[in-house]
> 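Here it is: the structure, laid out below.
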Amino acid sequence: NAGVTQTPKFRVLKTGQSMTLLCAQDMNHEYMYWYRQDPGMGLRLIHYSVGEGTTAKGEVPDGYNVSRLKKQNFLLGLESAAPSQTSVYFCASSYQVGTEAFFGQGTRLTVV
Amino acid sequence: RKEVEQDPGPFNVPEGATVAFNCTYSNSASQSFFWYRQDCRKEPKLLMSVYSSGNEDGRFTAQLNRASQYISLLIRDSKLSDSATYLCVVSLTGTASKLTFGTGTRLQVTL
């Protein structure tokens, strides 16, 4: 029962470097989401997807890009990392809006 | 005003106590409501959905008051293992971008 798997789990980047976070789900869910969680801020939606080939901006999309080429995968890219992007990133998926969202274990990213 | 507001706590209660959390939401068009639990340095997990008529799952009771736009979670007979952060989540059906989380209420159950 893999559920939602995120890679990597930890990463340290230097300012200006780029990286891609991978999210994979094996539940055949249509909806996938990327959140970031910062102390005192709660979970904030970065981007989301309502199906293969679709993406849309969430609450805090600046500095991030996403792609959903396959239904089971949702990639989050940072083109030029900034210290303000130091956070814990969670991927989630759900069958549809209004149903349970399943989360990955998170990626702890530090940008120095 | 935040879309979903919660008292951050922490709520420190002895084992066996009853504790209640409230959450308020600003968008009256919200359709779906949930409580998630998040343990330290772990991912959030669904605790229970919240239905209009109120619902119970063992020691946990959730209630929704649409008129006042708040959701509550009652935990009876608290256990040490209940120590966690409880996240209130509100969703607008049909709009994926509006799965909105509160900042969470931290509960610490002590001996």
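Each chain gets a letter, A, B and so on, in the order its sequence line appears, and its residues count up from 1. Predicted model only: the values in this text are computed from it and were never measured.
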> Can you confirm whether the side chains of A/Gln37 and B/Gln38 place a donor and an acceptor under 3.5 Å from each other?
yes

> Checking B/Tyr36 side chain against A/Ala101 main chain: does a donor-acceptor pair fall under 3.5 Å?
yes

> With clusters defined by side-chain heavy atoms of hydrophobic residues (ILVMFWY) lying less than 4.5 Å apart, directly or transitively, does A/Met32 cluster with A/Tyr35?
no

> Relative to chain A, which segment of B/Pro8 carries a heavy atom at a distance below 4.5 Å: side chain, backbone, both, or neither?
neither

> Taking all non-hydrogen atoms of both residues into account, name the closest pair between A/Leu43 and B/Pro44 and its distance.
CD1-CG, 3.7 Å

> Would a single hydrophobic cluster contain both B/Tyr25 and B/Trp35, if residues Ile, Leu, Val, Met, Phe, Trp and Tyr are joined by side-chain heavy-atom contacts under 4.5 Å?
yes

> Taking everything shown except A/Gln105 itself, do over 12 heavy atoms lie less than 6.0 Å from its CD?
no

> Spell out, yes or no, whether B/Phe34 and A/Leu45 are grouped together once hydrophobic residues are joined by side-chain heavy atoms under 4.5 Å, including indirect joins.
yes

> As an exercise, state the distance from CD of A/Glu100 to OG of B/Ser32, rounded to the nearest 0.5 Å.
13.0 Å

> Who passes ring pair (Phe, Tyr, Trp, His ring centres under 6.0 Å) against A/Phe90, sequence neighbours left out?
none

> Is it the side chain or the backbone of A/Arg44 that comes within 4.5 Å of chain B heavy atoms, both, or neither?
neither

> B/Thr103 and A/Met41: which non-hydrogen atoms are nearest, and at how many Å?
CG2-C, 3.7 Å

> Sequence neighbours left out, what pairs pass ring-ring contact (aromatic ring centres under 6.0 Å, His included) with at least one residue falling in residues 48-78 of chain B?
none

> Please classify the contact between B/Lys45 and chain A as side chain, backbone, both or neither, with a heavy-atom cut-off of under 4.5 Å.
neither

> Please say whether more than 12 non-hydrogen atoms of neighbouring residues, nucleotides or ligands are located less than 6.0 Å from CD in A/Gln17.
yes

> Do you know which of A/Val4, A/Val88, A/Thr99 has the most heavy-atom pairs under 4.5 Å to chain B?
A/Thr99

> A side-chain contact here means heavy atoms from C-beta on lying under 4.5 Å apart; do A/Gln6 and B/Glu43 qualify?
no

